[in-house]
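So the structure is just underneath, and the comments pick up after that.
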There are 2 protein chains.
Amino acid sequence: MMPAQPGFRLARGVARMLIGMGHAPLCEFVPSGGLRVDVISVAPSGEIWIVECKSCRADFTGDRKWQGYLDWCDRFFWATDCDFPVELLPEGSGLIVADAYGAELSRMAPAAKLAAARRARVLRDIARTAACRLVRSTDPQAFPDMI
Amino acid sequence: MMPAQPGFRLARGVARMLIGMGHAPLCEFVPSGGLRVDVISVAPSGEIWIVECKSCRADFTGDRKWQGYLDWCDRFFWATDCDFPVELLPEGSGLIVADAYGAELSRMAPAAKLAAARRARVLRDIARTAACRLVRSTDPQAFPDMI
């Protein structure tokens with residue numbers, strides 16, 4: 001089913017590209033209170049990428065939190081559609097050009113390796129978030145407070 | 001929907017109990033080639049539990065691999081229904097009594113802490129497995145080889 005919001009459409013294309021690269025992407029992840037990233041992804045090696053999807057100029061200029069995401073990944077990327085004014089984007093981050101059906105890695109992000117303890121925390125939280133969402137999708141009654 | 005196989009019914013009850021404890025359970029996880037555990041679960045603290053579900057005596061006596069699971073968790077549990085001859089089970093492992101609707105922790109397993117590198121690997125693999133299963137459930141076309 002096609003996602004309704006432009007940002008979610010980009011995220012779907014990004015996730016497809018990442019799956020094709022052997023990554024495991026997870027959408028709408030909260031690394032820390034007050035932060036919510038569009039896509040976080042775990043490479044086979046354990047490297048952690050964050051991808052922020054920006055559907056238009058206002059979506060980008062209204063984002064005052066993105067620098068906070070850098071502390072939670074090894075590489076940070078923007079994902080935009082092909083009409084986005086990419087000159088707005090800060091240097092030193094990666095770029096993915098996406099639509100709802102797929103995406104292309106346009107510029108690789110530099111690596112800034114997480115410390116081991118931080119990486120372990122992020123992997124634990126990705127594992128817990130994804131596993132709980134799976135249970136919720138297959139057995140919603142497992143969450144009695146949700147009924 | 002009620003799982004067809006007795007082992008899967010126990011696993012559903014176990015997963016419900018674990019969710020109630022704040023854990024994040026994942027069913028049918030492969031920690032290493034040739035091993036497949038019924039339930040692996042990540043506590044809020046990051047502690048990793050493995051639960052093997054045994055629906056009958058033959059199911060237990062036919063399992064020659066369970067000692068291999070000990071290397072992939074901090075605590076190991078058996079889950080059985082209330083009619084299982086629990087005197088068959090080896091000492092030094094935990095016990096959960098389960099049915100399809102829920103479960104009760106009957107005997108806590110002793111902790112044998114994983115080394116940091118092993119824990120990081122298991123958390124990475126749980127994160128990747130659960131995230132990929134979520135994508136598969138929401139966007140099966142992300143896996144072109146599956147069509």
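Note that the structure is a prediction, hence the values are computed from the model and not measured. Chain identifiers are assigned alphabetically (A, B, ...) following the order of the sequence lines, protein sequences preceding nucleic acid strands; residue numbering begins at 1 within each chain.
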Carboxylate-amine/guanidinium contact B:Asp74 B:Arg119, below 4.0 Å:
yes

Just give me the residue among A:Ala131, A:Ala127, A:Pro44 that pairs up with chain B most often, heavy atom to heavy atom, under 4.5 Å.
A:Pro44

With chain A, which of B:Ala116, B:Ala43, B:Gly20, B:Gly46 has the greatest number of heavy-atom pairs at distances under 4.5 Å?
B:Ala43

Which one of B:Val42, B:Leu123, B:Asp125 satisfies the side chain to side chain contact (heavy atoms under 4.5 Å, CB included) criterion with A:Leu123?
B:Leu123

Just give me the residue among B:Pro25, B:Gly102, B:Ala15, B:Ala120 that pairs up with chain A most often, heavy atom to heavy atom, under 4.5 Å.
B:Pro25

Max heavy-atom pair count under 4.5 Å with chain A, selected residue of B:Leu18, B:Ile126, B:Ile19:
B:Ile19

Test log, rule side-chain contact (heavy atoms from CB on, under 4.5 Å), inputs B:Arg118 and B:Trp72:
CA-CA 8 Å; B:Arg118 173 62 63 96; B:Trp72 301 94; 3.3 Å; yes

Pick from B:Thr129, B:Ile40, B:Val135, B:Thr138 with the largest number of heavy-atom pairs that fall under 4.5 Å of chain A:
B:Val135

Does any part of the side chain of B:Met108, heavy atoms only, come nearer than 4.5 Å to the side chain of B:Phe77, both counted from C-beta?
yes

Under 30°, 30 to 60°, or over 60°: which ring-plane class applies to A:Trp49 and A:His23, parallel, tilted or perpendicular?
tilted

Heavy-atom pairs under 4.5 Å with chain A are the metric here; pick the option from B:Arg128, B:Arg16, B:Arg133 that has the most.
B:Arg128

